[in-house]
Amino acid sequence: MATTRMVKCKYCGIQFNRNAEPFVEVGGRRYAHKECAEKYQQSISQEERDYMELEKYIKKLFNKNVVSARIKKQIKDFKQEYNYTYSGMQKTLYWWFELKHNPIEKANDGIGIVPFVYNDASNYFYNLYL
């Protein structure tokens, strides 16, 4: 007999049994009906999706539960000053740390390397595309 795991949907606010209905985890200990999460994903813009993916990747990269205020400011500054895209920043970090195997420890819990290697990463992915 399955236990009752009542949780509240992040999007519609209705409580539901996690063991009886399809659900998705939308954050640390936050849940939503699968249908509500799909509707939400369809309603947001591509730029917002790219930002969420960038934050998700940074959390994984630095093994953190949240993105620090410092990194959020860096993302905002790179977007405003250099007109970098969120997906471009994510691909740059992927290229620098995972493909080029540079140590994450030298990053000092920041993404300040992005402006220095953005064009190199962009060229790499453009050549892959061709």
Side-chain angles (χ1 to χ4, degrees):
M1 184 167 161
T3 60
T4 303
R5 306 284 289 206
M6 297 302 288
V7 292
K8 187 176 183 181
C9 178
K10 180 180 178 182
Y11 302 115
C12 70
I14 298 172
Q15 283 195 341
F16 65 96
N17 182 355
R18 219 173 64 181
N19 292 335
E21 296 182 45
F23 71 94
V24 292
E25 192 169 344
V26 291
R29 297 171 31 145
R30 299 286 311 264
Y31 304 94
H33 295 105
K34 188 173 182 180
E35 187 177 307
C36 292
E38 288 170 359
K39 283 181 187 174
Y40 174 74
Q41 284 296 323
Q42 291 172 355
S43 71
I44 62 175
S45 69
Q46 182 62 43
E47 188 174 35
E48 289 173 306
R49 270 187 235 128
D50 290 345
Y51 182 77
M52 289 168 36
E53 286 297 317
L54 174 61
E55 281 197 342
K56 185 174 157 185
Y57 181 73
I58 289 171
K59 289 176 197 175
K60 182 183 137 241
L61 185 67
F62 291 105
N63 198 22
K64 304 276 185 184
N65 293 331
V66 294
V67 175
S68 69
R70 176 182 177 208
I71 292 177
K72 285 186 179 192
K73 183 175 181 348
Q74 287 176 319
I75 293 170
K76 180 182 170 194
D77 291 346
F78 298 156
K79 178 82 172 146
Q80 289 176 345
E81 290 178 35
Y82 304 109
N83 203 27
Y84 291 165
T85 63
Y86 298 127
S87 64
M89 287 185 252
Q90 180 182 350
K91 288 175 183 169
T92 299
L93 293 171
Y94 174 80
W95 177 79
W96 182 251
F97 290 113
E98 296 190 34
L99 297 179
K100 297 298 256 176
H101 304 291
N102 288 295
I104 294 171
E105 297 77 33
K106 288 189 177 181
N108 294 326
D109 290 328
I111 60 168
I113 192 66
V114 169
F116 299 100
V117 298
Y118 189 91
N119 289 335
D120 294 335
S122 178
N123 290 336
Y124 170 80
F125 286 106
Y126 181 70
N127 287 330
L128 274 182
Y129 169 74
L130 293 178

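Quantities reported herein were computed from a predicted structural model and do not represent experimental measurements. Basis for what follows: all heavy atoms, side chains included, without hydrogens, waters or symmetry-related copies. Along the sequence shown, residues carry numbers from 1.
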Taking the side chain as C-beta and beyond, is there a heavy-atom pair between Lys39 and Tyr11 under 4.5 Å? no

Would you kindly confirm whether Leu93 and Phe125 end up in one hydrophobic cluster when ILVMFWY residues are joined by side chain heavy atoms under 4.5 Å apart? yes

Would Val67 and Val26 show up in the same hydrophobic cluster when neighbours are defined by side-chain heavy atoms closer than 4.5 Å? no

Is the closest side-chain heavy-atom distance between Asp109 and Lys64 below 4.5 Å? yes

Within a radius of less than 6.0 Å around CG of Asn65, do more than 12 heavy atoms belonging to other residues, nucleotides or ligands occur? no

Nearest 0.5 Å, please: how far is CZ in Phe23 from CZ in Arg5? 9.0 Å

To the nearest 0.5 Å, what is the distance between CG (Asp50) and CD1 (Ile44)? 9.5 Å

Heavy-atom closest contact (Ala107 atom, Phe97 atom, distance): CB-CZ, 3.9 Å

The reported gap from CE in Met89 to CD1 in Ile71 (rounded to nearest 0.5 angstrom) is 12.0 Å

Are Tyr51 and Glu55 linked by a side-chain donor-acceptor pair shorter than 3.5 Å? yes

Which word best sums up how the rings of Tyr84 and Phe78 line up, parallel for under 30°, tilted for 30 to 60°, or perpendicular for over 60°? tilted

If we ignore angles and hydrogens, is there a donor and acceptor under 3.5 Å between the side chains of Glu21 and Asn17? no

Closest non-hydrogen contact found for Ile111 with Gln74 is N-OE1, 2.8 Å

Quick one: do Leu128 and Trp95 end up in the same hydrophobic cluster if we chain Ile, Leu, Val, Met, Phe, Trp and Tyr together by side-chain heavy atoms under 4.5 Å apart? yes

Mind running side-chain contact (heavy atoms from CB on, under 4.5 Å) on Thr85 and Tyr118 for me, showing each step along the way? CA-CA 10 Å; Thr85 63; Tyr118 189 91; 3.6 Å; yes

Do Tyr124 and Leu99 pass the side-chain contact (heavy atoms from CB on, under 4.5 Å) test, and can you show the C-alpha distance, the side-chain angles, and the key distance before you say yes or no? CA-CA 11 Å; Tyr124 170 80; Leu99 297 179; 3.5 Å; yes

Closest non-hydrogen atoms of Gly110 and Arg70, given as atom of the first, atom of the second and distance, are N-NH1, 4.0 Å

Ile104 with Val66, same ILVMFWY side-chain cluster at under 4.5 Å: no

Taking every heavy atom of Asp120 against every heavy atom of Phe116, the minimum-distance pair comes out as OD2-O, 4.4 Å

Using modelled atom types and a 3.5 Å cut-off, is there a donor and acceptor pairing between side-chain atoms of Ser43 and backbone atoms of Tyr40? yes

With a 3.5 Å distance limit and no angle check, can you tell me whether Gln15 reaches the backbone of Met6 through a side-chain donor-acceptor pair? no

Out of curiosity, Glu105 CD to Phe62 CZ, how far, rounded to the nearest 0.5 Å? 10.0 Å

NZ of Lys106 to CG of Asn108: how many Å apart, nearest 0.5 Å? 10.5 Å

Is atom NZ of Lys73 surrounded by more than 12 heavy atoms (other residues, nucleotides or ligands) closer than 6.0 Å? no

Give me the atom names and distance for the closest heavy-atom approach of Arg49 to Gln42. NH2-O, 4.1 Å

Distance check, rounded to the nearest 0.5 Å: Gln41 atom CD versus Glu48 atom CD? 10.0 Å

Cluster question for you: counting only ILVMFWY and a side-chain heavy-atom cut-off of under 4.5 Å, with indirect links fine, are Tyr86 and Met52 together? no

